[in-house]
Each structure stands twice: as structure tokens, then as C-alpha cells.
*Asks:* 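I'd like to ask you about the structure that follows.
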Amino acid sequence: MVDAAELIDNDFLRQFEVKVNDDLAKIEYSLQERKIFLTKMIIPKEVTDENFSKDFLAAVFEQIEERNLSVVPTSPEIAKFVRSNRKYKRMLPVGVRI
């Protein structure tokens, strides 16, 4: 489980980060106006927990929701996460369908 306290928004590198042992799990993003484009997810190979990426994405989406931003997932695995979690579909901007 990814704890919200462990999640870091590194705005200099434009990525959300979670420390995993001696490595980082990352979701890269681009911020434009009131939209955040989630472009790439990188999970270290030593992560064997199947639910890690789902928990990581859920923590990221919760943080984005607190900031009242719309989400545009451009990465296939992030788009798949949104499709399988209806509660995050409301965060998509008007006209974006997944």
C-alpha cells in the first residue's frame, strides 16, 4: 500500500515519486492550465506486489483531486486504471473519453 505521506510531488522534475527500497517509482506529468497530463509510469523491477501500481496511481489521483485539477492520462497503463476505476472518470476534462 502506498501511503499518501510517502508520495512526493517533485515539481522540478515534474513527477510523482514514491521511494521503493533504494529506487523510485515515478509517474511523469505535464501541467497545463488546470489539467495534468500523466505521461509515463515507471515502476522498479524489484516491485513484485501486483497491487503496487494501483495503490500508487490511487494515491496520485487523490492528491490531484485535492488540487482540483483535471486529469488527462496519455499512458496506456494509466488510462487502463481510469477505465477500471469509475470514480476517477469524473476527473477527466470535458470531451475526453477513455
Side-chain angles (χ1 to χ4, degrees):
M1 179 89 185
V2 176
D3 187 6
E6 298 172 346
L7 182 65
I8 297 168
D9 179 4
N10 184 336
D11 59 348
F12 179 72
L13 294 175
R14 293 184 313 243
Q15 64 189 17
F16 292 99
E17 306 171 341
V18 170
K19 194 162 184 82
V20 179
N21 299 327
D22 291 331
D23 210 347
L24 285 177
K26 306 177 248 189
I27 296 177
E28 297 175 0
Y29 67 83
S30 173
L31 190 59
Q32 297 176 10
E33 298 173 9
R34 300 291 304 152
K35 296 180 194 129
I36 188 164
F37 292 77
L38 301 178
T39 57
K40 187 175 185 182
M41 181 166 65
I42 303 166
I43 305 294
K45 290 181 175 131
E46 63 263 8
V47 175
T48 57
D49 184 5
E50 298 173 4
N51 293 320
F52 177 83
S53 61
K54 292 177 187 172
D55 293 340
F56 183 29
L57 282 164
V60 167
F61 271 76
E62 295 300 323
Q63 192 172 105
I64 292 169
E65 186 174 37
E66 289 174 9
R67 294 159 66 184
N68 291 320
L69 297 173
S70 295
V71 177
V72 180
T74 60
S75 164
E77 62 259 355
I78 298 171
K80 181 180 175 185
F81 173 78
V82 173
R83 272 194 300 277
S84 63
N85 291 280
R86 290 186 160 272
K87 69 180 185 175
Y88 298 121
K89 283 188 178 183
R90 63 177 158 42
M91 294 174 65
L92 297 173
V94 175
V96 173
R97 298 189 190 275
I98 294 184

*Asks:* Determine whether Phe61 and Leu31 fall in the same hydrophobic cluster, where Ile, Leu, Val, Met, Phe, Trp and Tyr are linked whenever their side-chain heavy atoms lie under 4.5 Å apart.
*Replies:*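 Same hydrophobic cluster.
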
*Asks:* Run the salt-bridge test on Arg14 and Asp9 with the 4.0 Å N-O cut-off and return the result as yes or no.
*Replies:*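 No, this pair does not count.
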
*Asks:* Are side-chain heavy atoms of Val72 and Ile36 found at a separation under 4.5 Å?
*Replies:*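 In short, these two side chains do not touch, never coming nearer than 4.5 Å.
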
*Asks:* Side-chain contact test, heavy atoms from C-beta onward, threshold under 4.5 Å: evaluate it for Asp11 versus Tyr29 and give yes or no.
*Replies:*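 The answer is yes, as the side chains (C-beta and beyond) meet within the 4.5 Å cut-off.
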
*Asks:* Would you say the side-chain atoms of Glu17 and Asn10 include a donor-acceptor pair closer than 3.5 Å?
*Replies:*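 There is such a pair between these side chains.
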
*Asks:* Is there a side-chain contact between Asn51 and Phe56, using heavy atoms and a 4.5 Å cut-off?
*Replies:*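 They are not in side-chain contact.
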
*Asks:* To the closest 0.5 Å, what do you measure between OG (Ser70) and CD (Glu33)?
*Replies:*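 Rounded to the nearest 0.5 Å, the OG-CD separation comes out at 10.5 Å.
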
*Asks:* Taking CD in Glu46 as the centre, count heavy atoms belonging to other residues, nucleotides or ligands within less than 6.0 Å. Is the count above 12?
*Replies:*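 Yes, because the 6.0 Å sphere around CD of Glu46 holds more than 12 heavy atoms from other groups.
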
*Asks:* Could you measure the distance from the CE atom of Met91 to the CG atom of Leu69? Nearest 0.5 Å is fine.
*Replies:*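 It comes to 7.5 Å.
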
*Asks:* So, Thr39 side chain and Thr74 main chain: donor-acceptor pair closer than 3.5 Å or not?
*Replies:*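 No, Thr39 side chain to Thr74 backbone: no donor-acceptor pair under 3.5 Å.
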
*Asks:* Quick check for you: to the nearest 0.5 Å, what is the distance between Glu28 atom CD and Met41 atom CE?
*Replies:*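 The distance works out to 11.5 Å.
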
*Asks:* Is it true that Arg90 and Glu65 have a side-chain N and a carboxylate O under 4.0 angstrom from each other?
*Replies:*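 Answer for the salt bridge query: yes.
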
*Asks:* If Ile, Leu, Val, Met, Phe, Trp and Tyr residues are connected whenever their side-chain heavy atoms lie under 4.5 Å apart, and connections chain through other members, are Phe81 and Leu92 in the same group?
*Replies:*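 Same cluster: Phe81 reaches Leu92 through Ile, Leu, Val, Met, Phe, Trp or Tyr contacts under 4.5 Å.
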
*Asks:* Does any non-hydrogen side-chain atom of Leu57 lie less than 4.5 Å from one of Ile27?
*Replies:*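 Side chain of Ile27 against side chain of Leu57, heavy atoms only: contact under 4.5 Å found.
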
*Asks:* Exactly one of Ile8, Leu24, Ile64 should register a side chain to side chain contact (heavy atoms under 4.5 Å, CB included) with Phe16. Which one does?
*Replies:*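 Going through Ile8, Leu24, Ile64 one by one, the side chain to side chain contact (heavy atoms under 4.5 Å, CB included) with Phe16 is satisfied by Ile64 alone.
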
*Asks:* Assess whether atom CZ of Arg67 is packed by more than 12 heavy atoms of other residues, nucleotides or ligands within 6.0 Å.
*Replies:*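 Atom CZ in Arg67 is crowded, with more than 12 foreign heavy atoms closer than 6.0 Å.
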
*Asks:* Please report the C-alpha distance between Lys35 and Val71 in whole Å, then the side-chain angles of each, then the deciding distance to 0.1 Å, and finally whether the side chain to side chain contact (heavy atoms under 4.5 Å, CB included) criterion is met.
*Replies:* CA-CA 6 Å; Lys35 296 180 194 129; Val71 177; over 6 Å; no

*Asks:* Would you indicate whether the side-chain heavy atoms of Ser75 and Lys40 approach each other to under 4.5 Å?
*Replies:*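 Lys40 vs Ser75: side chains apart.
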
*Asks:* Supply the atom-to-atom distance Glu77 CD to Ile43 CD1, rounded to the nearest 0.5 angstrom.
*Replies:*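 Rounded to the nearest 0.5 Å, the CD-CD1 separation comes out at 8.0 Å.
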
